[in-house]
Amino acid sequence: MIEAVAGRFEGAPRQLRRRWSDDFKAQAVAEALEPGANVSAISRRLDIHPSQLFGWRRAVLNARAGLTEPTRREAAVTEASDTLIEVVIGEAVIRARADVSEAHLRRVIRAVRSS
């Protein structure tokens, strides 16, 4: 017989999610936006996960670019009309006719991602 016991697992972390002040975030992002800054090294020094700092930096860059709704996906594909497909990857926008072959579109997307 298996018995379910509600409680903490041995070795489970005791700490709740950490919260950072807006001032701390602003200082960290300002440092990460400096030319030649190494975001991973900065995050190690500040004792935060690199993905956290990358996320804060992305949010600031999106706000500066006027993007009101940051996307979690790398590429957002939308139907702009019946005959046009629009693919957004970062700051690059790829527009193609709806009749373009899938293989060709994949090659173009791969080229944009690698540049």
Side-chain angles (χ1 to χ4, degrees):
M1 182 166 114
I2 298 175
E3 183 178 336
V5 178
R8 249 180 33 79
F9 287 118
E10 189 63 35
R14 295 180 186 273
Q15 186 178 21
L16 296 174
R17 296 180 82 157
R18 298 190 308 179
R19 303 275 183 214
W20 292 274
S21 70
D22 290 339
D23 289 337
F24 176 82
K25 291 179 188 179
Q27 289 174 352
V29 169
E31 189 175 341
L33 289 174
E34 290 292 322
N38 184 329
V39 176
S40 295
I42 294 168
S43 64
R44 276 192 300 274
R45 186 174 48 76
L46 296 175
D47 192 30
I48 60 176
H49 198 274
S51 65
Q52 185 72 61
L53 185 53
F54 276 111
W56 293 342
R57 189 181 70 164
R58 185 182 326 109
V60 168
L61 292 174
N62 285 344
R64 286 183 183 176
L67 300 176
T68 58
E69 193 175 322
T71 179
R72 286 187 139 318
R73 296 181 306 172
E74 181 181 21
V77 179
T78 58
E79 291 282 335
S81 70
D82 293 343
T83 60
L84 186 67
I85 296 173
E86 194 172 273
V87 180
V88 180
I89 301 174
E91 294 181 9
V93 178
I94 302 167
R95 291 184 183 90
R97 291 190 319 254
D99 62 347
V100 69
S101 73
E102 182 180 343
H104 182 71
L105 191 55
R106 283 184 185 193
R107 284 192 301 270
V108 171
I109 291 172
R110 220 175 281 130
V112 169
R113 283 182 179 163
S114 67
S115 65

Nearest heavy-atom neighbours spanning [X] and [Y]:
{"X": "Leu105", "Y": "Ala96", "answer": "CD1-CB, 4.3 Å"}
{"X": "Val29", "Y": "Arg57", "answer": "CG2-N, 4.0 Å"}
{"X": "Ala32", "Y": "Ile42", "answer": "CA-CD1, 3.8 Å"}
{"X": "Ala92", "Y": "Val112", "answer": "CB-CG1, 3.8 Å"}

What distance separates [X] [atom1] from [Y] [atom2], expressed to the nearest 0.5 Å?
{"X": "Gln27", "Y": "Ser21", "atom1": "CD", "atom2": "OG", "result": "7.5 Å"}
{"X": "Trp56", "Y": "Leu33", "atom1": "CH2", "atom2": "CG", "result": "13.0 Å"}
{"X": "Glu102", "Y": "Ile109", "atom1": "CD", "atom2": "CD1", "result": "9.5 Å"}
{"X": "Leu61", "Y": "Glu91", "atom1": "CG", "atom2": "CD", "result": "8.0 Å"}
{"X": "Arg45", "Y": "Ser40", "atom1": "CZ", "atom2": "OG", "result": "13.0 Å"}
{"X": "Ser101", "Y": "Arg107", "atom1": "OG", "atom2": "CZ", "result": "6.0 Å"}

Quiz item: Side-chain contact, heavy-atom cut-off 4.5 Å: Trp20 with Leu46?
Solution: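 No. Closest side-chain heavy atoms not under 4.5 Å.
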
